[in-house]
Amino acid sequence: MTVLVTVKAYPTVSDKYGEAVCVAGIRTDVIPHEWVRLFPVHFRDLPREQQFRKWEFIELEARRGSEDRRPESYRPILDTIQRGRFMETGKDWAERRWHLEPFLQPSVCGPGGVHERRRADNTSLAVIEPREVFDFSVEPAAGWTASQRGVIDQMRLGEPERSRESLEELPFKFRYRYYCQVSTCSGHRHSIIDWEIGQAYRSWRARYGDEQVLGKIRQKWFKELASPKRDTYFMIGNAHQFPNSFMVLGVVWPPARPQLSLF
């Protein structure tokens, strides 16, 4: 299959999969194009030449998983990954907009929206346009379980050359609060699990220190990405074990157009 990668979540840790990343994107070798979720992706174990970026086309083989029944979900065969063209942001993100357009949902909680579609056919990935992003919160994270810490410790023992760059437990959880397009929407509160925000926290903390890093994160993800100067769109998806719980998997933020809607 051919996939335009639009989502790379921050790595998770489990007894079954070790350190793994959930990747999602648009499958472009079929008509109409389809959402695809790829898991588990042991991204940091991939050879350097296979470590793809968001907004890059990849070719790979994948098969349906035996446990995850969401229609978009596949288990990738990692050694088949081949990287392709990177999609630039030229002409106000025109090519990216064109690929995302078919997956834009009218709302999260309204008729024909994300929750209604999930109940109808188990669709679990979507693009939505917030009517208003009114808050960005930072909360203490629950932390890894003893089992997860054990997995990481075993990985460090087995791969001492990677210890310095071992996966870091994030001490905070970041969330958007927003209204979708339904006039009666009471607001949604969704965690952000994009790899980019986790990596920004790690690198900016080293650069700015603990006292400034959270302000820098808020400035970027709230003041800039959700600015009125941007056409802000969220790529959202749910959790396999909690199908009613959706999260922000990534943010699209092209320059605002004068039209009322991006698409």
Decide if atom CD of Gln82 counts as having more than 12 heavy atoms of other residues, nucleotides or ligands within a radius under 6.0 Å.
->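 Counting other residues, nucleotides and ligands, CD of Gln82 stays at 12 neighbours or fewer.
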
Using a strict 4.0 Å threshold on nitrogen-to-oxygen distance, state whether [X] and [Y] make a salt bridge.
X      : Y      : result
Arg85  : Glu56  : no
Arg218 : Glu224 : no
Glu139 : Arg189 : yes
Glu196 : Lys54  : yes

Quick one: do the [X] and [Y] side chains pair a donor with an acceptor below 3.5 Å?
X      : Y      : result
His42  : Tyr17  : no
Asp121 : Thr123 : yes
Arg64  : Tyr74  : yes

What pairs of donor and acceptor atoms, side-chain ones from residues 243-256 against any protein atom, are under 3.5 angstrom apart with sequence neighbours left out?
residue, atom, partner, partner atom, Å
Asn244, OD1, Arg118, NE, 3.3
Asn244, OD1, Arg118, NH2, 3.0

Return the set of residues passing ring pair (Phe, Tyr, Trp, His ring centres under 6.0 Å) with Phe86 (not counting sequence neighbours), or none when no residue passes.
->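 Ring pair (Phe, Tyr, Trp, His ring centres under 6.0 Å) list for Phe86, sorted by chain: empty.
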
Check the orientation of [X] and [Y]. Use parallel for under 30°, tilted for 30 to 60°, and perpendicular for over 60°.
X      : Y      : value
Tyr208 : Trp204 : perpendicular
Phe136 : Phe222 : parallel
Phe103 : Trp35  : tilted

Is a donor on one side and an acceptor on the other found under 3.5 Å between the side chain of Asp29 and the backbone of Thr2?
->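 At least one qualifying donor-acceptor pair exists.
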
May I ask you to test the Met235-Thr6 pair for a side-chain heavy-atom distance under 4.5 Å?
->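 Side-chain contact under 4.5 Å: yes.
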
Show the numbers, then the answer: is there a salt bridge (Lys or Arg N to Asp or Glu O under 4.0 Å) between Arg37 and Glu72?
-> CA-CA 5 Å; Arg37 177 188 290 103; Glu72 308 94 340; 3.7 Å; yes

Scan Leu170, Ile197, Val213 and name whichever one has a side-chain contact (heavy atoms from CB on, under 4.5 Å) with Arg202.
->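 Option passing the side-chain contact (heavy atoms from CB on, under 4.5 Å) with Arg202: Leu170.
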
Kindly state whether the ring of Trp195 and the ring of Phe43 have centres lying under 6.0 angstrom apart.
->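 Under 6.0 Å, so yes.
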
Minimum heavy-atom distance Gln50-Leu78, with the two atoms named |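 Heavy-atom minimum between the residues: NE2-O, 3.3 Å.
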
For the residue pair Cys185 and Arg131, what are the closest heavy atoms and their distance?
->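 Smallest interatomic distance, heavy atoms only, reads CB-NH2, 4.0 Å.
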
In sequence, state the C-alpha distance, the side-chain angles, and the governing distance for Glu211 and Arg205, and then conclude on salt bridge (Lys or Arg N to Asp or Glu O under 4.0 Å).
-> CA-CA 8 Å; Glu211 294 184 1; Arg205 182 187 58 188; over 6 Å; no

In the single-linkage hydrophobic clustering (I, L, V, M, F, W, Y; side-chain heavy atoms under 4.5 Å), do Val13 and Val41 co-cluster?
->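 Yes, Val13 and Val41 fall within the same hydrophobic cluster.
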
